[in-house]
Amino acid sequence: MILNFDNVELKRDGFTFFLNVEFRENGIYGIIGPNGSGKTTFIELATGIIKPDSGGIFYEDKALTKICIEKRRELFSATYINENPIPGFTVLDYLTITTKEREIKPFFLAKFGRFSNFLNKDIKKLSQGQWIMVQIIENLLQSTPVVFLDEVILFLDIRYKHIMFEYLKQSSSEKKIFVISHDIGILTKNSDFIFALENGKQSFLEKNSDFDPEAYIQKMQVDK
Amino acid sequence: MKFFKNYGPFLILIILITISLFLNLGFFDKNIFFRIRIPETITAIVVGFALGFAGAISQILFKNPLSDPYILGISSGSSLGIAVAFLTGIYYLFGQYSIFIFSLAFGLISIFLIFGIYRAVGRKNTVTLLLIGIVYGLMTSSLTSIILTNITREKIHSIIEWLYGTTEFYDIKILILFIIILLLVLLWTEKKVLILDQMNFSDKKARSLGVDIDKYRVIFFVIIALLVSFTVSISGIIGFLGLMSPHIARNIYGSRSKYLIFYSGIYGSNLLLISHIVSKNINAFYLPVGMILSIVGGIYFLILLKGKNDLKF
């Protein structure tokens, strides 16, 4: 599944977002960039939350605008920042609702057995980190070829960060997983590609092995 | 325990129906039993179910467990219709049908007006819709008050009786029509429970799960509005039922819509039947069911505010 931003332009409140880029290979894409560089806008455009003023977003050869909302869930899954847990849903309820799988429990236990004690907990009573983990697991339980995770690392402790990337790596050969974070260290340690944005435009897209984080951080400080 | 959890509300309903039908009946009077007791009991069951059911959907739609279908402004619109029917004297010419038609018509007009404003404003989110509903409700309530202050004393008594909620003004044809509509709504909603579940989450999340949130927000709003308009036209304003029953059901059955919305309906029926029985068996003074529920519901609401920290979704 190729994800293509074809001359996508969006103007809003003096901010111009422009992107012309293609994501061909599967793997983990670490998305970096200073605040206001357009990282979340990238995800919102890619998932159809906002529409571009011009240009098109294509999944394989199909324009996102031509795909009805019900069908979009077969293409991507996403976790957005600040999703509130609703009281009265257990983790099992949440996973059943979001994956639309009536018998999700065996899949969950087979892949994420270490969190089996979560299943009957009310999602409102989970810690922030646990809630984020549940949402990440939800994305990976879905068979979508593209996954977007917006600022999920922020709320995870070191142990959960490690587990999260362990899971992401297990799925990364069959999916494109976009992870937004300011934590350049952890992204360079775990990503296959680094995609950097700056002022609403692509700064670079390169293999992680070619990325020099120190030079990038230095450049950011100079620009500042 | 599980048996009582699943079937308890139905057992309570059967007991309440029996009490409502036979309490203080004295000698068996066919006319009283068939012309008063049965229709009033059915009215309480159906109206209570509709309000509990609509309340649960409203709380999901507005992502707020304190939401009540009356907050959307539809009931105030319907009430204005009733006031107009009394003011113009149409009620005295055509009877209860005019109340039903005016209430329903004003309710439907309210739906279109609220949605017209919603579309014109442009910001399509739940908060905007909620605010428009509240403002619309306040405006129509003021118009109703103006009418109330400008009509004769005799008219005021009838209109107030209606506006305070009652299970007495039934009309069997209207009731049957409402039952058919309610059943159709139930059958359709039963197929959409997963979508309702997904609508609990943020609009972004719901969209990413494949829910056409704009479409379903309109559909469920219309369903709530239709049910509320009908209940107002049948039994006036009965507040807080749409708040209390979903809250009780959520505490027992959780938030999964397939349980929540239907058990909210059953608890709605039970609560309205209890109020109906109390109202009918206090002889010292007139106590409308709507007022009983408003007092109990108000106390319940305050307890909710004080005791719970999970009221915010």
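The basis for the numbers below is simple: all heavy atoms, side chains too, and nothing from hydrogens, waters or symmetry mates. Here is how names work: the chains are called A, B, and so on, in the same order as the sequence lines, proteins then strands, and each is numbered from 1.
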Please flag which part of [X] lies under 4.5 Å from any non-hydrogen atom of chain B: side chain, backbone, both or neither.
X: A:Q142; result: side chain
X: A:E83; result: side chain
X: A:T98; result: both
X: A:E138; result: side chain

* Take the angle between the ring planes of A:Y29 and A:F23 and call it parallel below 30°, perpendicular above 60°, tilted in between. => perpendicular

* Parallel, tilted or perpendicular, as decided by the 30° and 60° cut-offs, for the rings of A:Y94 and B:F201 -> perpendicular

* Select, from B:I213, B:L260, B:V211, B:L194, the one with the greatest count of heavy-atom pairs under 4.5 Å involving chain A. => B:L194

* What heavy-atom pair brings B:R256 and A:I97 nearest, and what distance separates the two atoms? -> CD-CD1, 3.6 Å

* Hey, would you say the A:F76 and A:Y59 ring centroids sit under 6.0 Å apart? -> yes

* **Centroid-centroid distance, A:F42 to A:F195, less than 6.0 Å** => yes

